[in-house]
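All ligand and atom numbering here is 1-based and tracks the order in the structure. Only heavy atoms go into these numbers, but all of them, side chains included; no hydrogens, no water, no symmetry mates. Sequential numbering from 1 along the given sequence is applied to the chain's residues.
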Amino acid sequence: MTQDDQKRAAAEAALAHVEGGMVLGVGSGSTCAYFIAGLGRLSARVDGAVASSEATAAMLQAAGIALLSLSDVGRLPLYVDGADEANPQLQLIKGGGGALTREKILAAASDLFICIVDASKRVDQLGRFPLPVEVLPMAVSLVADQLSKLGGRAILRSGFTTDNGNLIIDVEGLNLADPVALESEINQLAGVVTCGLFARRPADRLIVGTDESVQEYH
Ligand code: 5RP
């Protein structure tokens, strides 16, 4: 199976968790694009969705799914999203696509957070993938400096602005032995909107498309 086949298989498996009359949250990225394609087939029995990015909102609309805001629904019974890395505790690095802040909000608002990935995303310890950090533009040099003091190499994502009008710093080489502590530490830096560590609120389930099958962890 190719990586894309694995993504599609994980996304299709997640559709089994979509119940009639649901308003669910939908993440961003290529694995979620397969999920949205499948959701389109169920559009008649889904009441609507809350999107984690403008790109996802456009795909949901094209698939015939009604768009709602988080304030319309309060909480989400289900949130489905991809990841850049997932460890055995189902803690994640996200934000490769730059949608981490809205994704983190939807994850926080969800009763069941299902992460869908291809096999390459499973790691024993987080940290090979550079950690994305969303930063207010005026604070970029200040935050980059502080991230360097934490032991990382901070690289401004060039030519990229988030849906919230902010910038992304990708951080290489951080020690991620304690993801919960590091998530809190980075999120407290003045000027940081949020970082792409999803450790305080990890996924509840991880669905992995592999060469042989689809594996589910929780
Ligand atoms: C976007 C994300 C994505 O979930 C992550 O980058 C994985 O993307 P893909 O499914 O394309 O591999 O966090 O902000």
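- Distance check: Ser141 OG to Gln146 CD gives 10.0 Å after rounding to the nearest 0.5 Å.
- Close approach to Asp81 involves these atoms of ligand 1, each under 4.0 Å from a residue heavy atom: 4 (O).
- For the pair Val50 and Leu70, the tightest heavy-atom approach, listed with the atom from each and the gap, is CG1-N, 3.9 Å.
- Proximity to Gly95 (heavy-atom distance under 4.0 Å) selects the following atoms of ligand 1: 2 (C), 13 (O), 14 (O).
- Less than 4.0 angstrom separates some heavy atom of Lys7 from each of these atoms of ligand 1: 9 (P), 11 (O), 12 (O).
- Within ligand 1, counting atoms from 1 as listed, the ones closer than 4.0 Å to a heavy atom of Asp84 are 5 (C), 6 (O), 7 (C), 13 (O).
- Counting only heavy atoms of the protein, atom 1 (C) of ligand 1 lies nearest to Glu103 OE2, 3.1 Å.
- A 6.0 Å sphere centred on CZ of Arg128 holds no more than 12 heavy atoms belonging to other residues, nucleotides or ligands.
- For the pair Arg122 and Tyr217, the cation sits on the ring face: its NZ or CZ lies under 6.0 Å from the ring centre, inside 45° of the axis.
- One distance of note links CE of Met1 with CG of Asp211; it measures 6.5 Å at 0.5 Å rounding.
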Would you check, one step at a time, whether the test salt bridge (Lys or Arg N to Asp or Glu O under 4.0 Å) holds for Asp84 with Lys121?
CA-CA 6 Å; Asp84 300 299; Lys121 309 291 182 59; 5.0 Å; no
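- No more than 12 heavy atoms of other residues, nucleotides or ligands sit less than 6.0 Å from atom CZ of Arg153.
- Close approach to Gly97 involves these atoms of ligand 1, each under 4.0 Å from a residue heavy atom: 1 (C), 6 (O), 14 (O).
- Listed by atom number, the atoms of ligand 1 under 4.0 Å from Gly82 heavy atoms are 4 (O).
- Judged by distance alone, the side chain of Asp81 and the main-chain N or O of Cys115 form no donor-acceptor pair under 3.5 Å.
- Shortest contact from atom 11 (O) of ligand 1 to any protein heavy atom: Ser30 OG, 2.5 Å.
- Counting heavy atoms under 4.0 Å from ligand 1, residue Ser53 does not touch it at all.
- Within the 4.0 Å heavy-atom shell around ligand 1 one does not find Gly27.
- Within the 4.0 Å heavy-atom criterion, neither part of Val117 lies near ligand 1.
- Side-chain contact of Asp118 with Ser120: a donor-acceptor pair under 3.5 Å is present, judged by distance alone.
- If you run side chain to side chain donor-acceptor pair (under 3.5 Å) between Asp5 and each of Lys7, Arg8, Gln3, only Arg8 comes through.
- For atom 7 (C) of ligand 1, the nearest non-hydrogen atom from the set Gly96, Gly29, Ala83, Pro132 belongs to Ala83.
- Closest protein heavy atom to atom 10 (O) of ligand 1: Thr31 OG1, 2.6 Å.
- In this structure, atom 12 (O) of ligand 1 lies nearest to the protein heavy atom Lys121 NZ, 2.6 Å.
- For Arg205, the CZ atom is densely surrounded, since the number of other residues' heavy atoms within 6.0 Å is greater than 12.
- When only non-hydrogen protein atoms are considered, atom 3 (C) of ligand 1 lies nearest to Ser28 O, 3.3 Å.
- Geometrically, ligand 1 and Cys32 share no nitrogen or oxygen pair separated by less than 3.5 Å.
- Near Gly98, the atoms of ligand 1 lying under 4.0 angstrom from a non-hydrogen atom of the residue are 14 (O).
- The N/O atoms of Asp118, backbone and side chain alike, include none that comes under 3.5 Å of an N/O atom in ligand 1.
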